[in-house]
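Just below is one structure, and these are the notes that go with it.
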Amino acid sequence: MKFFLDTANLADIRWATQAGLIDGITTNPTTLAKFAGDVDPQDVLKEICSLVDGPVSAEVVAVDAAGMYTEGRELAHLADNIVVKIPMLEEGMTAVRRLVADGIKVNVTLAFSSVQCLIAAKAGATYVSPFLGRLDDVGHDSMDVIRETRTIFDNYGYETEILAASIRHPRHVAEAAMLGADVATMPTEVLKKLLLHPLTDRGLDQFLNDWSKLAARSKVGA
Ligand code: E4P
């Protein structure tokens, strides 16, 4: 499973890249609004693309097919590793087909059902992003979407990657991985939590403690 970091925070991206923990980035208008400050969002995206050796999703804000296509082409020109994020709309699927025909990679975002994911795959998207946390928030079992979509894509041989998004905690990552999602995109806090387990800390304390006792004994015996 690939891990993407779901942020436009450059410091976090530098950390995760240097730690070798991530394979790409997803951004959205909200994360860019949060972290770009006074900097032109396109410059932030260019900087992110230069930091990461992997795909960087950048989202259009137009909602009509022609506008999404034009904006998508502009975004794609920012860097070779840009993936254009298009919302799951009827007009969006027209834009997806046009961008894909131009050789541009697309991530269909704001997907909440397996049939929406199927439509994105039929349109030729490289990724489709079901939003897990937002589904769970409204009382659905988000993993149903991953399970159904995996089965559908495997039944028909679609190569569109299932990009589990809106991840809120490590269990989302584990469950999506067990069900065969190709990618999990997560905020920095969740990525950091994946590394942690209290028994790891306790076990290490014990090992180091026992080792220092042994070292002290050896000194006494010397
Ligand atoms: C994915 O590409 C989205 O940017 C993101 O995962 C949305 O997550 P949220 O529901 O936490 O805003």
Side-chain angles (χ1 to χ4, degrees), residues 1-8 13 22-33 41-42 44-46 48-50 52-132 134-135 145-146 148-150 152-154 156-167 176 180-186:
M1 176 183 244
K2 286 175 271 191
F3 287 168
F4 291 175
L5 201 61
D6 193 27
T7 189
I13 291 169
I22 56 163
D23 306 288
I25 299 289
T26 51
T27 65
N28 62 39
T30 304
T31 53
L32 278 165
Q42 296 213 340
V44 176
L45 286 167
K46 278 195 224 165
I48 294 172
C49 288
S50 73
V52 179
D53 185 17
V56 175
S57 287
E59 189 162 343
V60 300
V61 289
V63 286
D64 63 298
M68 284 188 260
Y69 173 71
T70 305
E71 215 185 309
R73 282 187 59 89
E74 279 168 22
L75 289 168
H77 279 118
L78 293 178
D80 288 345
N81 50 342
I82 284 278
V83 174
V84 176
K85 236 173 159 183
I86 300 279
M88 178 66 232
L89 300 169
E90 182 183 334
E91 295 262 323
M93 295 311 100
T94 304
V96 172
R97 286 196 164 80
R98 291 185 65 192
L99 290 165
V100 170
D102 291 350
I104 293 169
K105 289 186 175 168
V106 173
N107 171 2
V108 171
T109 190
L110 289 166
F112 292 93
S113 72
S114 56
V115 284
Q116 286 183 318
C117 294
L118 174 57
I119 284 174
K122 284 169 68 67
T126 299
Y127 303 96
V128 63
S129 297
F131 275 36
L132 307 184
R134 294 191 195 190
L135 270 170
V145 179
I146 303 289
E148 290 176 18
T149 304
R150 182 73 279 154
I152 292 167
F153 284 9
D154 290 348
Y156 295 96
Y158 286 115
E159 288 179 6
T160 301
E161 295 192 34
I162 303 171
L163 197 170
S166 185
I167 281 182
D182 300 282
V183 190
T185 190
M186 65 202 88

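Counting only residues at least two apart or on different chains, the side-chain hydrogen bond (donor to acceptor under 3.5 Å, both in side chains) pairs with a member in residues 119-130 are Asn107-Ser129.
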For this session: Begin with the C-alpha distance, continue with both residues' side-chain angles, and end with the deciding distance and a verdict on side chain to side chain contact (heavy atoms under 4.5 Å, CB included) for Ile167 and Asp6.
Result: CA-CA 9 Å; Ile167 281 182; Asp6 193 27; over 6 Å; no

Problem set entry | Residue pair Val128, Gln116: steps toward the side chain to side chain contact (heavy atoms under 4.5 Å, CB included) verdict | CA-CA 9 Å; Val128 63; Gln116 286 183 318; over 6 Å; no

For this session: Take Leu45 and Leu75 through the side chain to side chain contact (heavy atoms under 4.5 Å, CB included) test and state the conclusion after the steps.
Result: CA-CA 9 Å; Leu45 286 167; Leu75 289 168; 3.9 Å; yes

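In this structure, the separation between CD on Glu71 and CD on Glu59 is 9.5 Å, given to the nearest 0.5 Å. Of the inter-residue distances, the one linking Asp182 atom CG with Ile162 atom CD1 reads 5.5 Å to the nearest 0.5 angstrom. Interatomic distance, CZ of Phe3 versus CD1 of Ile25, reported as 13.5 Å (0.5 Å rounding). Considering CD1 of Ile152 and OH of Tyr158, their distance stands at 9.5 Å, rounded to 0.5 Å. The NZ atom of Lys85 lies 4.0 Å from the OG1 atom of Thr109; values are rounded to the nearest 0.5 Å.
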Give the table of side-chain donor-acceptor pairs shorter than 3.5 Å for residues 89-104, with sequence neighbours excluded, one pair per line with atom names and distance.
unit_1: Glu91; atom_1: OE1; unit_2: Ala65; atom_2: N; d: 2.7
unit_1: Asp102; atom_1: OD2; unit_2: Tyr69; atom_2: OH; d: 2.4
unit_1: Asp102; atom_1: OD2; unit_2: Arg73; atom_2: NH1; d: 2.8

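Taking all atoms of both residues into account, the shortest heavy-atom contact from Val60 to Pro87 is CG2-CD, 3.9 Å. Taking each heavy atom of Gly72 and Val84 in turn, the nearest pair found is O-CG2, 3.3 Å. Scanning both residues, Val106 and Val83, for their nearest heavy atoms gives C-CG1, 3.7 Å. Here the closest non-hydrogen pair linking Ala125 and Val108 is CB-CG2, 3.8 Å. Contact between Val44 and Ala8 at its shortest, heavy atoms only, is CG1-O, 4.2 Å. Contact detail for Ala164 and Ala176: the closest heavy-atom pair is CB-CB, 4.0 Å.
Between Cys117 and Glu148, the closest side-chain pair of non-hydrogen atoms is not below 4.5 Å. When side chains are defined from C-beta on, Cys49 counts as touching Ile82, because their heavy atoms get closer than 4.5 Å. Looking at Asp23 and Phe4, their side chains come closer than 4.5 Å, going by heavy atoms from C-beta outward. By the 4.5 Å heavy-atom criterion applied to side chains, Thr26 and Thr31 are not counted as neighbours.
A donor-acceptor pair is defined here as one N or O able to donate and one able to accept, closer than 3.5 Å; no such pair exists between the side chain of Ser57 and the backbone of Thr27. Under the 3.5 Å distance criterion, the side-chain polar atoms of Gln42 are left unmatched by any main-chain donor or acceptor of Leu78.
Ion pairing between a basic and an acidic side chain is recognised when a charged N comes within 4.0 Å of a carboxylate O; Asp80 and Lys105 show no such pairing.
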